[in-house]
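The structure presented is a predicted model; accordingly, all values stated were derived computationally and were not measured.
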Amino acid sequence: MTIAAAHAARVPMRRSTPDQRADWLEAVASALDAAAEELIGIAAGETHLPLPRLTGELKRTTFQARLFAEGLRSGELLPVRVDPADPEWGMGPRPELRRTVVPIGPVLIFAASNFPFAFSVFGGDTVSALAAGCPVVVKAHPGHPSLSRRTAEVVRDSLTGAGAPEGAFALIEGVEASLEALRDPRIKAVGFTGSTKGGRALFDIAAARPEPIPFYGELGSVNPVVVTPAAWAERGAAVAEGWVGSLTLGAGQFCTNPGVVLVPDPDGFVKAVDLPVPGRMLTPGIEKGFTAAVGRVGSHQGVRVAAEGPANEQGVRSTVLSVAASDVIADPEVLDVEMFGPAGLVVGYTSEDELLEVLRRVPGQLTGTIQGHSSGADPVAVEVADVLADTAGRIVWNDWPTGVTVSGAQQHGGPYPASTAPASTSVGLAAITRWQRPVAFQGAPDSVLPPELRER
């Protein structure tokens, strides 16, 4: 019934105007803001995240909805191109062509565990899909079920009140229901944020359907940080402090957590590290996975535990492991293990060539960070940036990757395993393109053209 309703909603949603879809998004944003106290209370009880974090995350969630609404109203999110007829065209007479985009159809969104608002029921995937004119079916994450249900109620009521068609949005729960939806031929695309293992399994199902569909999965990333010799000499202790702050933020449960740092003086770097008591892990499953990942990294050649902090109430400790670059070059698999939690790997390099050799073995990443000399005059950083551009979706200079702003120029994706669709982004206005399909009209009169293609 849920998929049938989404399928039925696809035509009226495709025929909706950008202004109507902007109204829908703004209505939901206002309703979520109005219900903030209730929703944040539910979220705090289920996730144990602190109130300031949840307040800021809900603000981000409603901000991004309004940003997409603004883009719809301004026309920024409606790419249109018109090629007039040209009898002298170089390959022969060219007919008039008018190109626009249409929504791809009903989409399935898998909510994430670590952002109960911004990457969940009404997170960026849902917002961008609705902005595109696609009906959305969200699979709730079991880590915050009560919050998911209440948020879904607010979203449904707001969309209905703003005039969206019935079936524009729905929530489902459970693995079996999500797999049934994924295999349903009426679902035309999928958005996912989660583990590499889980995402890859779903991706394979989407690709194996009789009609394969796009699967936009944000998966694993260790987000390497490079500290150049010039940066280490200039402000080594400050860089170490900044890394720890980013590494342990939110108990390290961010997809942009800087899990690997390459430094010219590993012993000095570790001595400058002061590890805090980590926050609480979101779920027992995440805690178990974190412990297993730390053990897996620690089992590799040359890796040792260099520092541990005090334990939290769950017995989880912030941990720094250390290894020589030569050992990583010999056994690069260690660069492919995401320790989703407050743990990081320090890689000590002895030369620029060794540094670059390690970086060339790093698989696809969401981010790559360069801590270079503050003047910008840093030849090593230039070479590092060139290598990182091959593997990372976002390159960060003298800052930290945690914290992903929502804007027009943002890129949140990268080569596999960071993402299953490296040409796309899951954050920022460009995320809408995942849910749109180009259509060109040749020689068509205004009567059959979409409004945006008609002569004004």
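Side-chain contact check for Cys255 versus Glu218: some heavy-atom pair is nearer than 4.5 Å. Within the 4.5 Å cutoff, the side chain of Pro106 has no heavy atoms near those of the Ile3 side chain. Contact of the Thr369 side chain with the Val226 side chain is not registered, since no non-hydrogen atoms from C-beta on lie closer than 4.5 Å. Residues Thr256 and Ser221 have side chains not in contact (no heavy-atom distance under 4.5 Å, counting atoms from C-beta outward). Within the 4.5 Å cutoff, the side chain of Leu356 has heavy atoms near those of the Val384 side chain. Taking 4.5 Å as the limit, some side-chain heavy atom of Asn257 sits within range of a side-chain heavy atom of Leu247.
Shown are Ser426, Ser128, Ser424; of these, the side chain to side chain donor-acceptor pair (under 3.5 Å) with Arg434 is made only by Ser128. Partner Arg14 forms a side chain to side chain contact (heavy atoms under 4.5 Å, CB included) with one of Pro103, Pro450, Pro135 and no other, that one being Pro103.
Asp83 has a carboxylate O that lies under 4.0 Å from a charged side-chain N of Arg81, or vice versa, which qualifies the two as a salt bridge. Note on Glu211 versus Arg186: no salt bridge recorded, every NZ/NE/NH1/NH2 to OD/OE distance being 4.0 Å or above. In this structure, Arg361 does not pair ionically with Asp331, as no charged nitrogen and carboxylate oxygen lie closer than 4.0 Å. A salt bridge does not link Glu166 with Arg156: none of the charged nitrogens is closer than 4.0 Å to a carboxylate oxygen. A salt bridge does not link Glu287 with Arg280: none of the charged nitrogens is closer than 4.0 Å to a carboxylate oxygen.
Looking at Arg150, its side chain never comes within 3.5 Å of a backbone N or O of Glu38 through a donor-acceptor pair. Under the 3.5 Å distance criterion, the side-chain polar atoms of Gln253 are left unmatched by any main-chain donor or acceptor of Phe340. Using a distance-only test at 3.5 Å, with no hydrogens or angles considered, no donor-acceptor pair links the side chain of Ser178 to the main chain of Lys139. Side-chain N or O atoms of Ser120 include none that pairs as donor or acceptor with a backbone N or O of Phe117 at under 3.5 Å. A distance-only check finds a donor-acceptor pair linking the side chain of Thr126 to the backbone of Val121 [under 3.5 Å]. Using a distance-only test at 3.5 Å, with no hydrogens or angles considered, a donor-acceptor pair links the side chain of Gln410 to the main chain of Thr405. With hydrogens and angles ignored, the 3.5 Å screen pairs no side-chain donor or acceptor of Thr100 with any backbone N or O of Val80. Judged by distance alone, the side chain of Gln365 and the main-chain N or O of Val222 form a donor-acceptor pair under 3.5 Å. Under the 3.5 Å distance criterion, the side-chain polar atoms of Trp435 are left unmatched by any main-chain donor or acceptor of Cys134. Listed for the Arg98 side chain is no donor-acceptor partner under 3.5 Å among the backbone atoms of Gln442.
Under the 6.0 Å cut-off for aromatic ring centres, Phe254 and Phe115 qualify, their centroids lying closer than that.
Taken to the nearest 0.5 Å, the CD1 atom of Ile109 stands 4.5 Å off from the CG atom of Asp125. Note that the OG1 atom of Thr283 and the NE2 atom of His141 stand 6.5 Å from one another [nearest 0.5 Å]. Between the CG atom of Leu202 and the CG atom of Leu108 there is a distance of 8.5 Å, given to the nearest 0.5 Å.
When all heavy atoms of Leu147 and Ala43 are compared, the pair lying nearest together is CD2-CB, 3.6 Å. Annotation for Ala431 and Phe68: closest pair CB-CZ, 4.4 Å, computed over non-hydrogen atoms. For Trp397 against Gly372, the heavy-atom pair with the smallest separation is CH2-CA, 3.7 Å. What you find for Ala140 and Leu171 is that their closest heavy atoms are CB-CD1, 3.8 Å.
Counting heavy-atom neighbours within 6.0 Å of Glu46 CD, excluding the residue itself, gives a total above 12. Arg209 CZ: more than 12 foreign heavy atoms inside a 6.0 Å radius.
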